[in-house]
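Below, all heavy atoms of this structure are taken into account, side chains as well, without hydrogens, waters or symmetry copies. The first residue of the sequence shown is numbered 1, and numbering continues consecutively from there. Since this is a predicted model, take the numbers as computed values, not measurements.
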Amino acid sequence: MVIAFPLTQESFLEQLPLPALIIDPQNLKLVDVNESFFEWTSLKEHQVEGATLINLIANPRKEITRILSELQQNKSVVSRSIAFQDASGNVILSETVWSKVKYQGEEEVLVIIKGAIQESQTDVSLRQRDQALETLASISQRLLRSRNIGKIFSDMLRNLGYVLKLDQICFVKVSKRQGKVLKLTLKYFWKKKSGQPNSAPLEKYGKSQAPDSTFVIPKTWLNALKTGQEIAGTIDSFPRNERTFFEHFSAVSALLVPVFVENIWFGFIVCLEDKKRKTWQDFEIEIVHTAANLMGAALKRQKIENDILKAHQDAEREAITLRSMISGMDGGVILIDQNDVIME
């Protein structure tokens, strides 16, 4: 059943006392929203102009597809809990009602937001974990299809920053300089921008902007990170000689997870909270370890592919050189390989 509203576009939405929006079921683009929706989310008109529903929620796309599928099966109304994001990036779990409407001559979908639902911390953690795992599954597929792994690493850290509600996240590459002095290079860095987290860029920094290019890794760090263990806690609880690294970030809480390539310690992912003293949950540590494993596996695969490509190029160069030498010789030449097979 399709509900036809005789009201004009403006009066129809504005007469609804609850936040509401109308979407195109084909591409999920916002057709219109009412003033109550702007007040509820604190979003501005330019932030939703041209946006899709997926830009405004924390639910996976497949969940929205299921709702639309139910409506297509002649179900007049569908109720579902949806997690919307407000202007500050906070997630508001809300009860919503979906229905098909005839709007401006087109069949669209009306979404009415009935109100926020109080989530338990367990529910929030499980939802964040599921979203993070879905993100990593998508990243894993991209890593198998593309050689531009740097861009994919950037996207992975940015997406984890959003899903885990981090203030900062980065990857630090470790390389030896002299003796036990390690050189740290900040490769990928994302920071949530106040008020506009969705527009925050993932920036690359050069060597001169590394947190400390000649930083001596404390022994406790070495023992933990080189054996695959994470380092987690509030920064003021770390020994004084271990806080130097974090001065670059101005953070309060930190989680460091090592990345290995072929069992060699390659670097570590750093997750940071700027203002609150955070106790890192098991699922957060598990997710970041999974991301670190993805990075290590992708870097290993890239190294193997580069080695194969180099070996092939070296063989081609040797063949060209050999043939060039042969072509300049007088008389006949017979080449025999190690199995006594005549090659030329």
Side-chain angles (χ1 to χ4, degrees), residues 28 52-66 83 85 89 91 124-174 185-193 197-205 225 228 230 232 254-273 280-306:
L28 301 186
T52 68
L53 182 63
I54 300 301
N55 300 136
L56 303 178
I57 64 175
N59 299 70
R61 190 185 190 98
K62 62 184 179 183
E63 192 167 336
I64 306 305
T65 302
R66 281 197 294 266
Q85 289 183 296
V91 175
V124 172
S125 298
L126 288 173
R127 177 165 49 78
Q128 283 183 293
R129 181 180 181 274
D130 289 345
Q131 291 168 2
L133 288 174
E134 185 172 319
T135 293
L136 294 179
S138 173
I139 290 294
S140 178
Q141 292 300 312
R142 287 178 61 192
L143 286 170
L144 289 173
R145 297 192 301 265
S146 174
R147 288 184 57 83
N148 185 13
I149 62 175
K151 172 65 168 63
I152 300 175
F153 287 166
S154 297
D155 291 345
M156 177 176 71
L157 294 184
R158 180 184 63 241
N159 291 338
L160 285 182
Y162 290 142
V163 173
L164 298 180
K165 294 185 178 180
L166 301 172
D167 290 320
Q168 302 180 63
I169 185 170
C170 64
F171 171 69
V172 178
K173 181 181 177 182
V174 176
T185 304
L186 188 59
K187 294 290 290 183
Y188 309 106
F189 176 76
W190 175 85
K191 181 173 184 178
K192 182 175 74 173
K193 287 190 175 179
N198 291 329
S199 65
L202 192 66
E203 301 164 337
K204 281 189 176 182
Y205 287 84
L225 294 174
E230 72 277 352
L255 167 66
L256 283 69
V257 174
V259 173
F260 291 86
V261 179
E262 295 184 318
N263 297 319
I264 298 173
W265 181 37
F266 186 79
F268 50 95
I269 296 173
V270 183
C271 302
L272 297 163
E273 289 284 347
W280 297 92
Q281 299 184 58
D282 290 342
F283 87 90
E284 293 173 313
I285 296 172
E286 172 197 342
I287 289 297
V288 182
H289 270 290
T290 303
N293 291 338
L294 278 178
M295 291 183 76
L299 289 166
K300 177 181 178 179
R301 181 173 63 84
Q302 186 184 63
K303 181 179 182 300
I304 292 172
E305 290 176 350
N306 290 340

Mind checking the CZ-CG spacing from F189 to L272? Nearest 0.5 Å is all I need. 7.5 Å
Nearest 0.5 Å please: distance from the CD1 atom of I64 over to the NZ atom of K62. 12.5 Å
Measuring from atom NZ of K300 to atom NZ of K303, what distance do you get when rounded to the nearest 0.5 angstrom? 10.0 Å
Can a donor-acceptor pair be found between the side chains of T52 and N55 at a distance below 3.5 Å? yes
Distance, nearest 0.5 Å, that separates CZ of F266 from CE of M295: 7.5 Å
Between R129 and Q281, is any pair of side-chain heavy atoms under 4.5 Å apart? no
Check whether any side-chain heavy atom of E273 sits under 4.5 Å from a side-chain heavy atom of L166, and report yes or no. yes
Please name the pair of heavy atoms, one in S146 and one in I152, separated by the smallest distance, quoted to 0.1 Å. CB-CD1, 3.8 Å
Taking all non-hydrogen atoms of both residues, which atom of L160 and which atom of A132 are closest, and how far apart? CD2-CB, 4.2 Å
How long is the span from the CD1 atom in I287 to the CD1 atom in I285, to the nearest 0.5 Å? 11.5 Å
If you count heavy atoms of other groups shown closer than 6.0 angstrom to CG of N263, is the number above 12? no
Using a 4.5 Å cut-off on heavy atoms from C-beta on, say whether the side chain of L136 contacts that of N159. no
If you compare all heavy atoms of P258 against all heavy atoms of F268, which two are closest, and at what distance to 0.1 Å? CA-CB, 3.9 Å
Please report the C-alpha distance between R142 and D155 in whole Å, then the side-chain angles of each, then the deciding distance to 0.1 Å, and finally whether the side chain to side chain contact (heavy atoms under 4.5 Å, CB included) criterion is met. CA-CA 11 Å; R142 287 178 61 192; D155 291 345; 2.9 Å; yes
Look at the rings of W190 and Y162 and say which category their plane angle falls in: under 30° parallel, 30 to 60° tilted, over 60° perpendicular. perpendicular
Of the non-hydrogen atoms in L157 and F171, which two are nearest, and what is the gap between them? CD1-N, 3.9 Å
Would you say the side-chain atoms of W280 pair up with the backbone N or O of A254, donor to acceptor, closer than 3.5 Å? yes
So, does T290 use its side chain to make a donor-acceptor pair with the main chain of E286 at under 3.5 Å? yes
Is the shortest side-chain heavy-atom distance between M156 and L143 below 4.5 Å? no
Interatomic spacing from CD1 in I149 to OG in S154 - rounded to 0.5 Å: 10.5 Å
I169 and L164, any side-chain heavy atoms less than 4.5 Å apart: no
At their closest point, which heavy atom of Y188 faces which heavy atom of G150, and how far apart are they? OH-CA, 3.3 Å
